[in-house]
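To start, the structure under review is shown below, and the notes come after it.
Counting convention: from 1, in listed order, for ligands and their atoms alike.
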Amino acid sequence: MKVKKFGGTSVESAERIKNVGRLISECKKDIIVLSAMSGTTNSLLEISSALKNGEKKSAVELIENLNNKYADTISNLFKTEEYKEKATEALDDIFKSLKELSEKSYSLKLEKEIVAKGELMSTCLMNLHMHEEGINSVLLPALDFMKIDMHGEPDDDFIRENVAKLIDAHNDADLYITQGFICRNEEGDIDNLQRGGSDYTASIIGALSGAEEIEIWTDIDGMHNNDPRYVEGTLPVHNLHFEEAAELAYFGAKILHPTCILPAREHNVPVRLLNTMEPTAEGTLIENKLQRGSIKAVAAKDNITAIKIKSGRMLLAYGFLKKVFEIFEKYETSIDMITTSEVGVSLTIDNEKNLSKIEDELKALGTVTIDRDMVIICVVGDLEWTNKGFEAAALEALRNVPVRMISYGGSNYNISFLIKKEDKTKALRLLSYHLF
Ligand code: ADP
Ligand code: ASP
Ligand code: MG
């Protein structure tokens, strides 16, 4: 059994949904995870932000526009009146509940209920399309099994047990279709796995239901060696180790959700990245094997804040770093990069929510300097320290870019540079030019 996830662009129109339908029609017993149609999650967030700003009329208009878009999709997707009616009825129910939600006053809980509608709509359309094509697909409601705990971590036992139960209850099905992204939290309320979270859904289901492989189908032929949105002429990387892929995803390669690789790696389930528009392309296979002796890819993570704590007392003192880390732990803020010297420590965070409180407490330890709008450039590959020349090549590529921090040796797989936001594109291009 495989878990196959199709992203927003793969289901963005009636034609694309039919295309996915053809790709999955032979998938006996596989679990198909779908994102919302491209643009829908953004539209739902716009609706919710209109409600937040008290612009009820504009929220209603946005819902109408979305409804019309789905009516068009239905008329292009289905061949028979019977299925057009079935689909219209099902989506009318979803839009009715969306309108009811828009009557309520805004809360974050309401926003999450609104934003969950996108995946409910796309899976409903795909399931009916498969039925019209004579395939016995069954919808597995993600809200009945996908659960996160108070830290946002998947509740593995609950998920494993309930996916198995749902599949058992429908063991005559040809294939199963479920929603990516959406889940319930520890309160039982509708929640989600953050933007781009459908990849994470697929990885969690694949890891916990003993899948032989997890496939992530998207609009590009695998993980490229640099970010194609900023660099021309990037090329697919055909093989990556779990650790390499996890670093790339965490440090900005948008093709994968930041934490998507973790469940697959933990349960040793290979992940394959494939292109819906070009299904025969090789793509990228991510598994527990390292292709030695090369730098594989570069990625960039935006919106980074660097914090420097300089202290005379760090000199010869033990326990200084512990005090620093405790402050970050207290404010539940994770640290990405860290470098130390005898007189100070620099580190980076990607979440400024509690920065002013953190800054206040750090001031008790030394002089604090903050640099905003920074970018981490992450170079990933076989960067074990005994290999010669790779870190020098990356540094040489960036010889004309001001570098605020460098981190190397934390793992065998990456070297990271902290630079200014305005140097990002230049740095990515220079790295491609010099390394590939
Ligand atoms: P989906 O909607 O299928 O989840 P995403 O838009 O989330 O697709 O991810 C695919 C996009 O990721 C590509 O179109 C590409 O622009 C972007 N991307 C960024 N970095 C990389 C990379 N290193 N390799 C491939 N794609 C990348
Ligand atoms: N639909 C969600 C989003 O747009 C989740 C996903 O596509 O993975 O972020
Ligand atoms: Mg995505």
Side-chain angles (χ1 to χ4, degrees), residues 4-13 16 19-20 23 32-46 48 111-112 114-123 142 146 178-183 191-205 214-238 240 244-261 271 273-278 281 283-284 286 295-302 377-381 424-425 428 431-432 435-436:
K4 304 187 177 205
K5 177 258 170 177
F6 292 86
T9 44
S10 301
V11 292
E12 77 179 357
S13 62
R16 292 269 167 94
N19 182 41
V20 171
L23 288 171
I32 313 301
V33 176
L34 297 184
S35 292
M37 293 174 76
S38 186
T40 296
T41 306
N42 287 344
S43 301
L44 293 166
L45 282 168
E46 267 179 60
S48 149
E111 174 170 315
K112 288 174 172 172
I114 291 175
V115 99
K117 300 293 182 197
E119 273 68 14
L120 294 171
M121 297 197 252
S122 62
T123 47
M146 190 53 72
T178 191
Q179 298 85 20
F181 178 59
I182 64 176
C183 62
D191 210 318
N192 61 62
L193 302 174
Q194 318 280 332
R195 294 306 305 267
S198 299
D199 302 334
Y200 195 27
T201 303
S203 180
I204 294 168
I205 298 177
I214 297 155
E215 293 180 358
I216 307 286
W217 289 79
T218 180
D219 60 354
I220 188 165
D221 53 345
M223 177 74 77
H224 276 218
N225 57 9
N226 207 327
D227 193 323
R229 294 167 299 175
Y230 301 96
V231 181
E232 278 176 30
T234 59
L235 291 170
V237 183
H238 295 306
L240 283 173
E244 293 175 319
E247 300 270 10
L248 287 167
Y250 187 74
F251 287 108
K254 188 189 173 233
I255 186 171
L256 285 175
H257 179 272
T259 49
C260 151
I261 291 300
V271 178
L273 310 182
L274 293 159
N275 188 349
T276 324
M277 301 357 139
E278 211 191 318
T284 302
I286 301 164
I295 289 183
K296 311 285 175 28
V298 178
K301 186 173 178 182
D302 301 324
I377 302 283
C378 181
V379 177
V380 168
K424 166 177 160 174
T425 306
L428 288 176
L431 284 163
S432 259
L435 300 179
F436 306 125

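By the side-chain hydrogen bond (donor to acceptor under 3.5 Å, both in side chains) test, Asp219 is found to be paired with no residue, residues two or more places apart in sequence or in another chain being considered. Listed by chain and residue number, nothing satisfies the side-chain hydrogen bond (donor to acceptor under 3.5 Å, both in side chains) test with Ser122 (two or more places apart in sequence, or in another chain).
Panel note: side chain Glu119, backbone Ser35; no donor-acceptor pair is recorded below 3.5 Å. Formation of a donor-acceptor pair under 3.5 Å by the Thr201 side chain with backbone atoms of Phe181 is found in this model. In terms of modelled atom types and a separation under 3.5 Å, the side chain of Gln179 and the main chain of Ala142 share a donor-acceptor contact.
Between Lys424 and Asp302 the shortest side-chain heavy-atom distance falls below 4.5 Å.
When all heavy atoms of Met277 and Asn275 are compared, the pair lying nearest together is N-OD1, 3.0 Å. Of all heavy-atom pairs spanning Val20 and Ser10, the tightest one is CG2-O, 3.2 Å. Looking at every heavy atom in both residues, Ile295 comes nearest to Phe436 through O-CE2, 3.5 Å.
The residues lining ligand 1, counting any heavy atom closer than 4.0 Å, are Lys5, Gly7, Gly8, Thr9, Thr218, Asp219, Ile220, Gly222, Met223, His224, Asn226, Asp227, Pro228, Arg229, Ala253, Lys254, Ile255.
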Provide, line by line, the atom pairs where ligand 2 and the protein bring an N/O atom each to a distance under 3.5 Å; else say none.
residue: ligand 2; atom: 1 (N); partner: Thr41; partner atom: OG1; Å: 2.8
residue: ligand 2; atom: 1 (N); partner: Glu119; partner atom: OE2; Å: 2.6
residue: ligand 2; atom: 4 (O); partner: Thr41; partner atom: OG1; Å: 3.3
residue: ligand 2; atom: 4 (O); partner: Arg195; partner atom: NH2; Å: 3.0
residue: ligand 2; atom: 7 (O); partner: Ser35; partner atom: OG; Å: 3.2
residue: ligand 2; atom: 8 (O); partner: Gly196; partner atom: O; Å: 3.4
residue: ligand 2; atom: 8 (O); partner: Gly197; partner atom: N; Å: 3.4
residue: ligand 2; atom: 8 (O); partner: Ser198; partner atom: N; Å: 3.0
residue: ligand 2; atom: 8 (O); partner: Ser198; partner atom: OG; Å: 3.0
residue: ligand 2; atom: 9 (O); partner: Arg195; partner atom: NE; Å: 2.7
residue: ligand 2; atom: 9 (O); partner: Gly196; partner atom: N; Å: 2.8

